[in-house]
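Here the structure is laid out as structure tokens; the discussion comes afterwards.
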Amino acid sequence: MKTEQALHLLSDFCVAYFVKRNLEESLALTDENIVLIGTAEGARVYGRDAFRDYLLRDFAEMPEPFALDVLSQTAHAAGEDCAVVDMSLRIRGSNYRVNAILSAVARETAGECKLFLVHFAVPIARQKHAEHYPITMETTHMDGLKLDLLNRITAGGIMGGYQEP
């Protein structure tokens with residue numbers, strides 16, 4: 001397997017999964033024995049049927065499409081029919097932005113290149129226990145920005161807004 005082929009496969013998967021939020025297209029790029037290691041505690045998926053269920057929950061939790069910026073990518077051959085690939089991504093939604101690392105093992109079986117193992121990682125400080133997406137940290141940050149804005153535009157800050165004229 002050529003490393004360029006594996007990088008292209010992972011890139012196609014990222015577009016299908018994050019940008020298009022397309023269940024069937026995402027599944028079609030994976031091996032029937034796919035292993036997924038997600039970012040939440042206990043996010044382990046074994047096999048395409050379990051992966052389908054995982055994607056359905058994921059898409060229900062966050063149906064909006066994401067924008068992706070590929071910050072870096074590498075691929076390494078791991079034999080004639082296998083390659084290890086990784087991408088550093090910036091994933092942007094309407095309410096947050098997070099950097100993540102996506103690593104994968106792609107293998108060729110019967111002439112088809114498929115993802116066999118996919119692993120997501122995000123900075124731990126930005127994610128609460130069992131949170132699927134690190135939204136809490138971003139929401140807290142946004143709340144702080146809103147309070148700061150309110151303090152700046154209200155005479156006397158937030159306390160000034162409570163005073164009678």
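Excluded from the calculations below are hydrogen atoms, water molecules and symmetry mates; all remaining heavy atoms, backbone and side chain alike, are included.
Under the 4.5 Å side-chain criterion, counting only non-hydrogen atoms from C-beta, T109 is not in contact with F116.
Side-chain N/O atoms of Y17 and N22 include no donor and acceptor closer than 3.5 Å.
Considering only residues two or more places apart in sequence or on other chains, H119 meets the side-chain hydrogen bond (donor to acceptor under 3.5 Å, both in side chains) condition with none of them. Remark: N33 pairs with no residue by the side-chain hydrogen bond (donor to acceptor under 3.5 Å, both in side chains) rule, at least two apart or across chains. Partners of L117 under the side-chain contact (heavy atoms from CB on, under 4.5 Å) rule, at least two apart in sequence or in another chain, are V35, I37, V105. When the salt bridge (Lys or Arg N to Asp or Glu O under 4.0 Å) test is applied to D69, the partners found at least two apart in sequence or on another chain are R92. Partners of F51 by ring pair (Phe, Tyr, Trp, His ring centres under 6.0 Å), not counting sequence neighbours: none found. Scanning for side-chain hydrogen bond (donor to acceptor under 3.5 Å, both in side chains) contacts around E25 gives K20, with sequence neighbours left out. For E64, there are no salt bridge (Lys or Arg N to Asp or Glu O under 4.0 Å) partners, not counting sequence neighbours.
Neither F13 nor V84 shares a network with the other; the hydrophobic side chains, linked directly or stepwise wherever heavy atoms of I, L, V, M, F, W or Y lie under 4.5 Å apart, form separate groups for each. Under the 4.5 Å side-chain heavy-atom criterion for Ile, Leu, Val, Met, Phe, Trp and Tyr, V98 and V15 are members of the same hydrophobic cluster.
Within the structure, salt bridge (Lys or Arg N to Asp or Glu O under 4.0 Å) contacts touching residues 4-13 (residues at least two apart or in different chains) do not occur.
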Side-chain donor-acceptor pairs of residues 42-50 under 3.5 Å, sequence neighbours excluded:
unit_1	atom_1	unit_2	atom_2	d
R48	NE	T30	OG1	3.4
R48	NH2	T30	O	2.1

Side-chain donor-acceptor pairs of residues 70-78 under 3.5 Å, sequence neighbours excluded:
unit_1	atom_1	unit_2	atom_2	d
S72	OG	S88	OG	3.3
T74	OG1	D86	OD1	3.4
T74	OG1	D86	OD2	2.4

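Side-chain atoms of K114 come within 3.5 Å of backbone N or O of A28 as a donor-acceptor pair.
Across R21 and P63, no two heavy atoms sit closer than the pair CG-O, 3.7 Å. When all heavy atoms are compared, the tightest approach of S26 to F59 is OG-CZ, 4.4 Å. Taking every heavy atom of both residues into account, L9 and C113 meet most closely at CD2-SG, 3.6 Å.
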